[in-house]
Amino acid sequence: MPDTPASPTNPLVTGSDIARLAGVTRAAVSNWRRRYDDFPAPSGGGANSPLFDLAEVQAWLNKQRKGQDVSDEVQLWQVLRGAYGEEILGGLADVAQLLTALKGKKPSALPQHAVDLARRLAEERSPSEVVSDLAERFTDSVRRAGSDQVTSARLVRAVRHFVGDIASDAVVFDPACGIGTLLLAVGSGPEVRRYGQESDARSARFAQLRGDVAAETHIDVTQGDSLRSDHWPDLKADLVVCDPPVSDTDWGREELLLDPRWELGTPSRAEGELAWLQHAYAHTAPGGRVVMVMPASVAYRKAGRRIRAELVRRGILTQVTALAPGTAVAHALPVHLWHLRRPQTPDDSATTVRMVDLTSNDPDGPLEASAEQVTEVAQIDLLDDLVDLTPGRYVEESHRDYGTEYETLRRELSEQVHRLTELLPALIGEEPTSILDGPSVSIADLVRAGLVEFGDSEPVSTSDQLDTDFLRGFLHSTANSRRSTSASGTFRLDSKSARIPQMDISVQRRYGSAFRALREFDERSRRVAELSRQIAMLARDGLGNGALRPQGCSSSRDGWRRPLTESGTD
């Protein structure tokens with residue numbers, strides 16, 4: 001494959017870029033490459049990620065009437081992608097730097113064609129809109145690549161919704177700000193002061209320039225590892241928002257064992273998210289809030305139980321919101337928002353935790369929770385051996401109709417048990433003998449004769465002289481199981497080597513009816529066992545939490561014994 005370098009006049013594009021140009025799917029572009037001999041040959045890249053000359057692609061699309069006008073914005077993106085490749089964040093930052101002062105000197109790495117396109121777009125719209133559009137394209141490209149490098153638009157929308165309005169002069173902080181998306185998304189007004197830190201230098205530079213080009217807010221972003229080298233040790237913010245790195249076991253625990261930020265407990269190596277949470281809380285002013293994106297597993301993992309208990313016990317955790325699957329970038333797993341508030345006084349702490357479960361919602365749907373999706377949970381009910389903060393566990397429980405559910409299960413169990421006795425066939429005892437020692441035939445012979453066919457797993461009779469239930473019943477009988485057990489004792493049922501007795505069809509049907517009844521009996525027995533487990537658990541829980549009471553008690557409180565001193569007994 002030719003290794004043609006990209007240039008301003010020879011930008012290279014991927015198959016996904018071609019799909020967006022033509023308004024089709026990536027699969028359609030792959031089909032074009034196979035079907036059309038004149039489709040442009042790759043001009044660079046590798047076998048699994050070829051790159052194509054943009055001019056050649058546009059000419060081919062126009063020839064095939066599959067093209068469409070390419071906007072200046074798309075052309076700018078393609079030129080930047082061709083010139084910067086995997087370092088495209090540097091290209092986005094260079095464009096942002098160019099547009100912060102249109103009369104300033106252009107960055108040396110920025111192609112002239114990109115300069116012309118960016119300036120033309122900035123005249124048509126605004127520099128801020130141009131940079132925002134480029135940031136959105138970058139986010140979308142990273143999302144399609146399956147990476148959590150940036151915060152998804154859905155997650156930004158959710159955080160902005162739950163943060164709500166903030167004071168016009170508020171201080172906002174994001175200790176892992178990436179390209180600045182969350183930091184810039186919350187609050188509005190020129191008096192809002194925004195501070196960020198980001199370990200990736202390219203992302204930090206772009207985040208700073210995004211704020212600079214907007215020229216509508218104060219922003220200060222620095223590069224560095226927030227946990228190991230906190231650039232803002234004295235900063236106290238009114239609002240801390242953060243979508244921290246996940247599953248990072250190398251967050252610096254050994255170096256930071258005695259760090260004063262761990263006021264709730266030192267996180268384990270596996271609980272880096274709880275280190276970020278406490279870092280955010282350490283930067284929260286009295287009365288200030290934290291809204292932190294957290295993997296759902298942090299709510300129940302054993303290693304973080306003590307820190308979760310401290311969050312609840314001290315009245316710091318005010319809400320946990322479970323968002324819909326698909327809200328995060330690279331996976332469909334649900335994520336949570338943890339809401340913290342630093343009390344202004346000892347008496348200002350929360351006494352309950354609001355649990356919001358939106359996991360059944362569409363990720364693009366409304367974020368307002370219905371009454372059935374919210375419950376307030378007392379601290380004491382969270383401080384058990386697990387300290388599980390998963391909202392669904394409490395929301396479902398709080399809206400559970402124990403009485404109706406218990407009566408429904410009780411009725412179904414009664415019906416199933418009654419039906420069980422009716423299902424047992426009437427069988428007559430005889431002297432033990434092996435019925436297969438008499439005249440019999442193998443399943444393999446029946447298959448060869450065309451009398452039996454195998455479906456997904458079970459054989460089916462194709463003859464009116466062979467009953468399917470009779471066939472299957474003997475196939476799974478103990479006699480055939482013994483024949484299928486190897487010398488080593490290993491059981492492996494070989495259906496085609498199994499045998500069935502030779503009987504008249506009328507006798508087969510009687511056997512088949514018995515086997516069919518036993519199969520249903522077995523299925524119902526398993527259902528009875530499951531129902532028994534469910535109803536016993538429900539009854540214990542209901543009696544324990546007061547949702548159920550024994551018959552004859554008019555109220556769960558009627559049976560409470562008064563203190564002896566009140567009853568007149570010494």
Side-chain angles (χ1 to χ4, degrees), residues 71-81 83-84 88-107 109-143 149-157 159-161 163 165-174 177-198 200-223 239 241 243:
S71 67
D72 286 346
E73 180 188 328
V74 172
Q75 289 188 58
L76 175 58
W77 176 263
Q78 304 300 353
V79 170
L80 293 173
R81 189 182 183 89
Y84 290 84
I88 194 170
L89 255 182
L92 305 188
D94 282 350
V95 170
Q97 180 179 327
L98 173 77
L99 297 181
T100 54
L102 291 178
K103 296 180 181 180
K105 183 173 67 173
K106 81 175 183 66
L110 192 62
Q112 186 59 46
H113 190 31
V115 172
D116 296 339
L117 288 167
R119 285 177 169 164
R120 186 158 68 230
L121 284 167
E123 290 172 358
E124 294 172 359
R125 291 180 261 173
S126 71
S128 179
E129 287 178 323
V130 174
V131 174
S132 294
D133 288 344
L134 288 172
E136 186 176 340
R137 278 186 172 272
F138 175 75
T139 300
D140 190 48
S141 67
V142 172
R143 176 189 61 79
Q149 181 181 354
V150 297
T151 303
S152 73
R154 288 170 172 170
L155 204 46
V156 172
R157 181 176 76 103
V159 171
R160 188 165 51 220
H161 171 83
V163 164
D165 296 330
I166 64 175
S168 59
D169 60 347
V171 174
V172 180
F173 178 51
D174 186 343
C177 67
I179 62 172
T181 304
L182 271 184
L183 184 59
L184 293 165
V186 295
S188 61
E191 300 303 318
V192 174
R193 289 168 291 158
R194 305 173 194 273
Y195 299 89
Q197 187 164 345
E198 169 56 38
D200 180 72
R202 296 167 305 170
S203 297
R205 176 176 174 240
F206 186 46
Q208 178 66 58
L209 287 165
R210 288 181 69 183
D212 291 344
V213 77
E216 296 175 352
T217 186
H218 169 88
I219 186 168
D220 196 345
V221 177
T222 188
Q223 188 269 326
L239 173 67
V241 291
D243 181 9

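Residues Asp133 and Arg125 are paired through a salt bridge, judged by an N-O separation under 4.0 Å between the basic side chain and the carboxylate.
His218 pairs by the ring-ring contact (aromatic ring centres under 6.0 Å, His included) definition with Tyr195, not counting sequence neighbours. In this structure, Tyr84 has no ring-ring contact (aromatic ring centres under 6.0 Å, His included) partners at least two apart in sequence or on a different chain.
The distance from the CD atom of Glu129 to the CD atom of Glu73 is 10.5 Å, given to the nearest 0.5 Å. Here the CH2 atom belonging to Trp77 is positioned 7.0 Å from the CZ atom belonging to Phe138, to the nearest 0.5 angstrom. One finds the CG atom of Leu121 at 9.0 Å from the CG atom of Leu99 (value rounded to the nearest 0.5 Å). Atom CG of residue Leu92 and atom CD of residue Gln97 lie 13.0 Å apart, to the nearest 0.5 angstrom. For the atom pair CZ (Phe206) and CG (Asp200), the distance works out to 12.5 Å, reported to the nearest 0.5 Å. The line from OG1 of Thr139 to CD1 of Ile179 is 4.0 Å long, rounded to the nearest 0.5 Å.
Listed here is the closest heavy atom pair of Val79 and Ala114: CG1-CB, 4.0 Å. Here the shortest heavy-atom pairing between Ala167 and Val192 reads O-CG2, 4.0 Å. Of all non-hydrogen atoms in Leu209 and Ala96, the two that sit nearest each other are CB-CB, 3.7 Å. Contact record, Gly180 with Ala207: N-CB, 3.6 Å, taken as the closest heavy-atom pair.
Remark: side-chain polar atoms of Arg194 are paired, donor with acceptor, to backbone N or O of Leu183 under 3.5 angstrom. Counting only distance, with no hydrogens or angles, the side chain of Glu198 and the backbone of Gly178 share a donor-acceptor pair below 3.5 Å.
Side-chain contact check for Asp243 and Thr151: at least one donor-acceptor pair (N or O, by modelled atom type) lies under 3.5 Å. Between the side chains of Arg210 and Thr181, at least one donor N or O lies within less than 3.5 Å of an accepting N or O. Between the side chains of Arg205 and Gln223, no donor N or O sits under 3.5 Å from an acceptor N or O.
Atom CD of Glu124 sits in a crowded spot, with more than 12 heavy atoms from other residues, nucleotides or ligands closer than 6.0 Å.
Between Asp169 and Arg193, every side-chain heavy-atom pair lies at or beyond the 4.5 Å cut-off. At a threshold of 4.5 Å between non-hydrogen side-chain atoms, the residues Pro107 and Leu98 count as touching. With a 4.5 Å cut-off on side-chain heavy atoms, Ile219 and Val221 count as touching.
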**Request:** Check the pair Gln208 / Thr222 against side-chain contact (heavy atoms from CB on, under 4.5 Å), numbers first and verdict last.
**Result:** CA-CA 8 Å; Gln208 178 66 58; Thr222 188; over 6 Å; no

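For the side chain to side chain contact (heavy atoms under 4.5 Å, CB included) with Val163, the lone residue among Val186, Leu182, Val172 that qualifies is Val186.
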